[in-house]
Structures are given as C-alpha cells and as structure tokens.
Amino acid sequence: MSEINTAKVHVRPDDTALLTCPHCSRQKIAPVCSFKGCKSRIKIKCGCKNVFTVDLEFRRYIRKKTNLLGKFTNHSQKNIRGDIIVKNLSLGGLAFATIDIDKFENGDEVEVSFKLDDQDRTTIRKEAIIRNIQKNIVGCEFEKSSQYAPNRALGYYIMS
C-alpha cells in the first residue's frame, strides 16, 4: 500500500464528495457530512488496496489563490480608502491583505475594486461585508445584491 500526495476534493451541496483513487482511477461518491466542522483531511482505502489522503473542501464556492492589486472604500468608517492585495477569490467573496488593518471591523460595508490578471484585465467592483479579520488579512462576503461585477468573467477566471 502506498500513500500519494493529498488531493483537494470539493464537497457537493448534498454533502457528498467524488473520491478518485490516484492509483487505479476508480471513483466513488461518498457521504462526508460527518466530517463537516471537525475534520477535513481523511484517508481512503480503495478496493485496489491503495491508501490515499484527501482534503475535503466544504466551502460553498471554489476559492482561487491570487495576488491582485486593488482598492477599498470602507463605507462604515467614513468612506476611508486604501490599497489592498487580493490574496484569494471566489464567487462568494475574497480575502485581502492591507497595511490599513486597523480601519476595519467585522460587519463593515466596503467596496472593493481590482483588475483580474486575465487577457482582458477585467475590472471587478463589488460591495462586500467584512466577515473575518486575522493579522493583516481581511475576509469579505460579497453582497448578494451587488451589481458591480460581471459574474461571468469572475466565474471564468476562478475556474481557469
């Protein structure tokens, strides 16, 4: 039995995951709701006797690591403005780094804008709510009613 590198597996909305053996390519859909909130790395033993490890990704949206320059306006803090570096991005939100970390509180309403590093250098503008602040990273959830960005371009970028 050999253990191969850990693969990331996206959990479906019905709390199942498609597990694929890296040795024989056998696939199985497995319920994974019992791992939600407590354990995301699990070992799987395939019918071919190969043991492999997967990281279960319970996020609603796939997240892409980035390094994109942008700007913020914090509407909850007297429209304070500053620079950001978008560190990761999904259809539901983003995380950014900033030296202006002290200008944010959970629940603040912000506008973020940045250019994708795609062929068209697509400009994305989104209204968001601050959900998490850690060290110099701010996590945001996009407003559902935000009409600022072409979600098609964002979706295509994240999947590329």
Side-chain angles (χ1 to χ4, degrees), residues 5-20 27 29-42 44 53-160:
N5 290 337
T6 303
K8 187 175 277 192
V9 176
H10 189 73
V11 176
R12 298 170 174 185
D14 65 352
D15 286 335
T16 63
L18 178 62
L19 306 173
T20 305
Q27 293 185 322
I29 295 175
V32 293
C33 59
S34 62
F35 299 107
K36 196 173 196 172
C38 63
K39 187 175 184 180
S40 64
R41 180 168 286 182
I42 58 173
I44 308 294
T53 306
V54 297
D55 278 335
L56 299 173
E57 180 61 66
F58 284 96
R59 292 183 181 271
R60 188 180 320 162
Y61 301 108
I62 294 172
R63 192 164 287 276
K64 181 175 184 170
K65 289 185 179 181
T66 62
N67 200 29
L68 306 170
L69 299 177
K71 302 275 185 193
F72 76 83
T73 302
N74 189 334
H75 300 302
S76 299
Q77 304 290 336
K78 300 181 182 177
N79 289 324
I80 294 172
R81 298 171 189 258
D83 296 320
I84 60 173
I85 300 173
V86 179
K87 302 307 279 182
N88 65 58
L89 183 60
S90 78
L91 288 176
L94 58 78
F96 62 82
T98 180
I99 59 170
D100 298 314
I101 198 75
D102 59 324
K103 296 178 180 166
F104 298 97
E105 293 180 14
N106 284 332
D108 281 359
E109 295 180 6
V110 298
E111 179 183 313
V112 293
S113 62
F114 53 93
K115 287 187 184 284
L116 300 177
D117 55 1
D118 59 359
Q119 184 177 359
D120 297 329
R121 301 276 302 142
T122 306
T123 297
I124 302 294
R125 232 181 227 103
K126 285 283 201 177
E127 295 286 333
I129 305 283
I130 303 297
R131 297 292 184 206
N132 191 358
I133 303 170
Q134 293 181 357
K135 297 181 184 174
N136 69 332
I137 301 292
V138 177
C140 303
E141 179 182 8
F142 293 142
E143 285 281 0
K144 303 293 184 242
S145 62
S146 182
Q147 300 298 316
Y148 286 99
N151 283 334
R152 179 178 288 170
L154 188 57
Y156 182 78
Y157 175 79
I158 290 168
M159 297 308 289
S160 65

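Residue numbers start at 1 and run along the sequence shown.
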Subject >> Val11 side chain near Phe35 side chain, heavy-atom distance below 4.5 Å >> reply: no

**OP:** Would you indicate whether the side-chain heavy atoms of Glu111 and His75 approach each other to under 4.5 Å?
**Re:** yes

Original post:
Mind checking what makes side chain to side chain donor-acceptor pair (under 3.5 Å) contact with Asp108, not counting sequence neighbours?
Top reply: Asn74, Gln77

**OP:** Grab the two heavy atoms, one from Gly107 and one from Ser76, that are nearest each other, plus how far apart they are.
**Re:** O-OG, 4.5 Å

Original post:
Say you draw a straight line from CD1 of Ile101 to CZ of Phe96; how long is it, rounded to the nearest 0.5 Å?
Top reply: 7.0 Å

Original post:
Which distance, rounded to the nearest 0.5 Å, do you find between the CD1 of Ile80 and the OG1 of Thr73?
Top reply: 10.5 Å

**OP:** Side-chain contact test, heavy atoms from C-beta onward, threshold under 4.5 Å: evaluate it for Phe72 versus Ile130 and give yes or no.
**Re:** no

Original post:
Step by step, would you call Leu89 with Phe114 a side chain to side chain contact (heavy atoms under 4.5 Å, CB included)?
Top reply: CA-CA 11 Å; Leu89 183 60; Phe114 53 93; 3.8 Å; yes

Original post:
Is the closest side-chain donor-acceptor distance between Thr16 and Asp14 under 3.5 Å?
Top reply: yes

Original post:
What distance do Cys140 atom SG and Glu109 atom CD have between them, rounded to the nearest 0.5 Å?
Top reply: 11.5 Å

Subject >> Intermediate values then yes/no, side chain to side chain contact (heavy atoms under 4.5 Å, CB included), Val9 and Asp55 >> reply: CA-CA 6 Å; Val9 176; Asp55 278 335; over 6 Å; no

Original post:
So, do Ile85 and Leu69 sit near enough that their side-chain heavy atoms are less than 4.5 Å apart?
Top reply: yes

Original post:
Looking only at heavy atoms, what is the nearest atom pair of Ser113 and Arg125, with distance?
Top reply: CB-CG, 3.6 Å

**OP:** Please indicate whether Ile99 has more than 12 foreign heavy atoms, meaning atoms of other residues, nucleotides or ligands, lying under 6.0 Å from its CD1.
**Re:** no

Subject >> Nearest-0.5 Å distance that lies between atom CG in Leu94 and atom NZ in Lys87 >> reply: 12.5 Å

Original post:
Can any side-chain N or O of Arg121 pair as donor or acceptor with the backbone N or O of Leu116 at less than 3.5 Å?
Top reply: yes

**OP:** Might you point out which heavy atoms bring Glu143 and Ile129 nearest each other, and give the distance in Å?
**Re:** OE2-CD1, 2.9 Å

Subject >> Heavy atoms of other groups near Arg81 CZ, more than 12 under 6.0 Å >> reply: no

**OP:** Give, for atom NZ of Lys64 and atom CG of Leu154, the distance between the pair rounded to the nearest 0.5 Å.
**Re:** 10.0 Å

Subject >> Side-chain touch Leu91/Phe142, heavy atoms, less than 4.5 angstrom >> reply: no

**OP:** Verify the distance criterion only: is there a donor paired with an acceptor across the side chains of Thr20 and Gln27 at less than 3.5 Å?
**Re:** yes

Original post:
Do Thr98 and Phe104 touch side chain to side chain, with heavy atoms closer than 4.5 Å?
Top reply: yes

Subject >> Rounded distance (nearest 0.5 Å) linking atom CG of Asp102 with atom CG of Asn136 >> reply: 12.0 Å

Subject >> Arg41 and Val54, any side-chain heavy atoms less than 4.5 Å apart >> reply: no

Subject >> Where Asp100 and Asp83 come nearest, the two heavy atoms and their spacing >> reply: OD2-N, 4.2 Å

